[in-house]
There are 2 protein chains.
Amino acid sequence: MAARAAVHAHTSHNHRACIDDALATARGLCAERGVQLTPLREKVLQIVWRSHKPMGAYEVLDELARSHKSARPPTVYRALDFLMAEGLIHKIESLNAYLGCIEAGAPHSGQFLICRQCGATEEIVDPRLETALEAAAGRAHFRPERKVVEISGLCARCGK
Amino acid sequence: MAARAAVHAHTSHNHRACIDDALATARGLCAERGVQLTPLREKVLQIVWRSHKPMGAYEVLDELARSHKSARPPTVYRALDFLMAEGLIHKIESLNAYLGCIEAGAPHSGQFLICRQCGATEEIVDPRLETALEAAAGRAHFRPERKVVEISGLCARCGK
DNA sequence: GACAGGACTGTTACGTTGTAACATCCGTCC
DNA sequence: GGACGGATGTTACAACGTAACAGTCCTGTC
Ligand SMILES: [Zn+2]
Ligand SMILES: [Zn+2]
Ligand SMILES: [Zn+2]
Ligand SMILES: [Zn+2]
């Protein structure tokens, strides 16, 4: 797998590299696992990765339909479901939208920082926060499986 | 404000007391703030509090319509929006459903433990987790405003 | 080569969740 | 009385998501 640059969603950067990296990683993981990253699924992944802003399913559909006339809601949702199952994208529950995963291959629920100003959403992988979540659940005698953490506010750039 | 029993959502308890307490607290807070907890809004709050399972807006609507023939989606969404604005209920984003707040009056984003087996959802107010969220955001130079924390899994009872 | 099975995609139709926009009602203030 | 602001009534629609069945394509088997 290609080395991953430490890019922050809200900063300007060579986003082409983000996309190429995500696609290469996805191809590698799917090959390893013996699942099919079909052209359709890859195209949807590419569309989701067009930016660091979570993208709604119908927005993906509109994009997809430009090159794929037969695209319908199930087309998109099936691809999104596949990509989520393989850990290649996340759903942002508070926005009903989807975002490329920056740590594909390492199973995890995402932790997200969503800028309400610019929309850029950064996935963080913070072991201390993960520990705190486990501990909080443990104190309540709860066995956690999926952890949704979505923090909205202002990113470094928009926060002045 | 009435003293609040430390009740866990998944355990059996005198739920009537939960409801009475929530309504009393709501009336007190709205009076203090000079906002109107109208009969309609109070009824919706009561319906949301019927259980410790998050309730969908259309489920609320069905209940409400039994006693309020003119109820329509906007009727319910306006009441839910008011109750959220006053911090009397929370929206559970991962379920598109609504839950009574156990700490009304103390402004906070909720932290929730959602049992996938029995559906009971417990709101926790865990200062250590809160601190960890703030710290994680801070390390990313992010200024948090709203924090969505929804942990799904098995509650103490369902986890065997 | 026929054929059964499985994975993927096409297609139609519908279910669920949420909102815009405008009308009406009602109490308060001048 | 008349203007206003807050709350509710009412219609229509937008946005998000899924069920169900049909077609395609590949592959393994006989
Ligand atoms: Zn990028
Ligand atoms: Zn991720
Ligand atoms: Zn209770
Ligand atoms: Zn609360």
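Each chain gets a letter, A, B and so on, in the order the sequences are listed, and its residues count up from 1.
- If you take CD1 of A:I92 and P of D:dC16, they are 14 Å apart, rounded to a whole angstrom.
- Put simply, the side chain of A:R78 and the base of C:dG10 share a donor and an acceptor less than 3.5 Å apart.
- Residue B:M55 contributes atom CE, which lies 18 Å from atom C1' of C:dG18 at whole-angstrom precision.
- Among the nucleotides C:dC8, D:dA19, D:dG17, the one closest to any side-chain atom of A:N96 is D:dG17.
- Using a cut-off of 4.0 Å between Lys/Arg side-chain N and Asp/Glu carboxylate O, A:D62 and A:R66 are scored as not salt-bridged.
- The listed nucleotides are C:dT9, D:dT10, C:dG18; the one nearest the side chain of A:L40 is C:dT9.
- Residues B:L95 and B:I151 do not share a hydrophobic cluster, clusters being chains of Ile/Leu/Val/Met/Phe/Trp/Tyr side chains in contact below 4.5 Å.
- Per the geometry, NZ belonging to A:K91 stands 7 Å off P belonging to D:dT18, to the nearest Å.
- The distance from atom NE2 of B:H68 to atom C1' of D:dG9 is 8 Å, rounded to the nearest whole Å.
- Here D:dA15 presents its P atom at 12 Å from OH of A:Y77, a figure rounded to the nearest Å.
- A continuous path of Ile, Leu, Val, Met, Phe, Trp and Tyr side chains, each step under 4.5 Å between heavy atoms, connects A:L88 with A:V44, placing both in one hydrophobic cluster.
- With its ring centre under 5.5 Å from that of the base six-membered ring and a plane angle below 30°, B:Y58 counts as stacked on C:dT17.
- Here C:dG10 is the nucleotide among C:dG10, C:dG18, D:dG9 with the atom lying nearest to any side-chain atom of A:T75.
- Taking the charged nitrogens against the carboxylate oxygens, A:K147 and A:E130 do have a contact shorter than 4.0 Å, which makes a salt bridge.
- A salt bridge between A:E150 and B:R146 is absent, with no side-chain N of the basic residue lying under 4.0 Å from a carboxylate O of the acidic one.
- Comparing atom distances between the A:R72 side chain and each of C:dG10, D:dA7, C:dT11 picks out C:dT11 as nearest.
- Atom CG of A:L61 and atom P of C:dT9 are 15 Å apart (whole Å).
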Check the pair B:K43, B:E63 against salt bridge (Lys or Arg N to Asp or Glu O under 4.0 Å), reporting the backbone distance first and the verdict last. CA-CA 10 Å; B:K43 180 71 182 170; B:E63 272 307 308; over 6 Å; no

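- Distance from the side chain of B:Q36 is smallest for D:dG6 among the nucleotides D:dG17, C:dT19, D:dG6.
- A salt bridge links B:R27 to B:E42: at least one charged side-chain nitrogen sits closer than 4.0 Å to a carboxylate oxygen.
- Listed candidates were C:dT19, D:dA7, C:dT9. Nearest to the side chain of B:T38 is D:dA7.
- In this structure, the helix from C:dG1-D:dC30 to C:dC30-D:dG1 shows an angle of 0° between the axis at its start and the axis at its end, each fitted on 5 base pairs and rounded to 10°.
- B:K69 comes within 4.0 angstrom of no nucleic acid atom, judged by non-hydrogen atoms across all strands.
- Among the protein residues, A:Y98 comes within range of the sugar-phosphate backbone only, with heavy atoms under 4.0 Å from sugar or phosphate atoms but none that close to a base.
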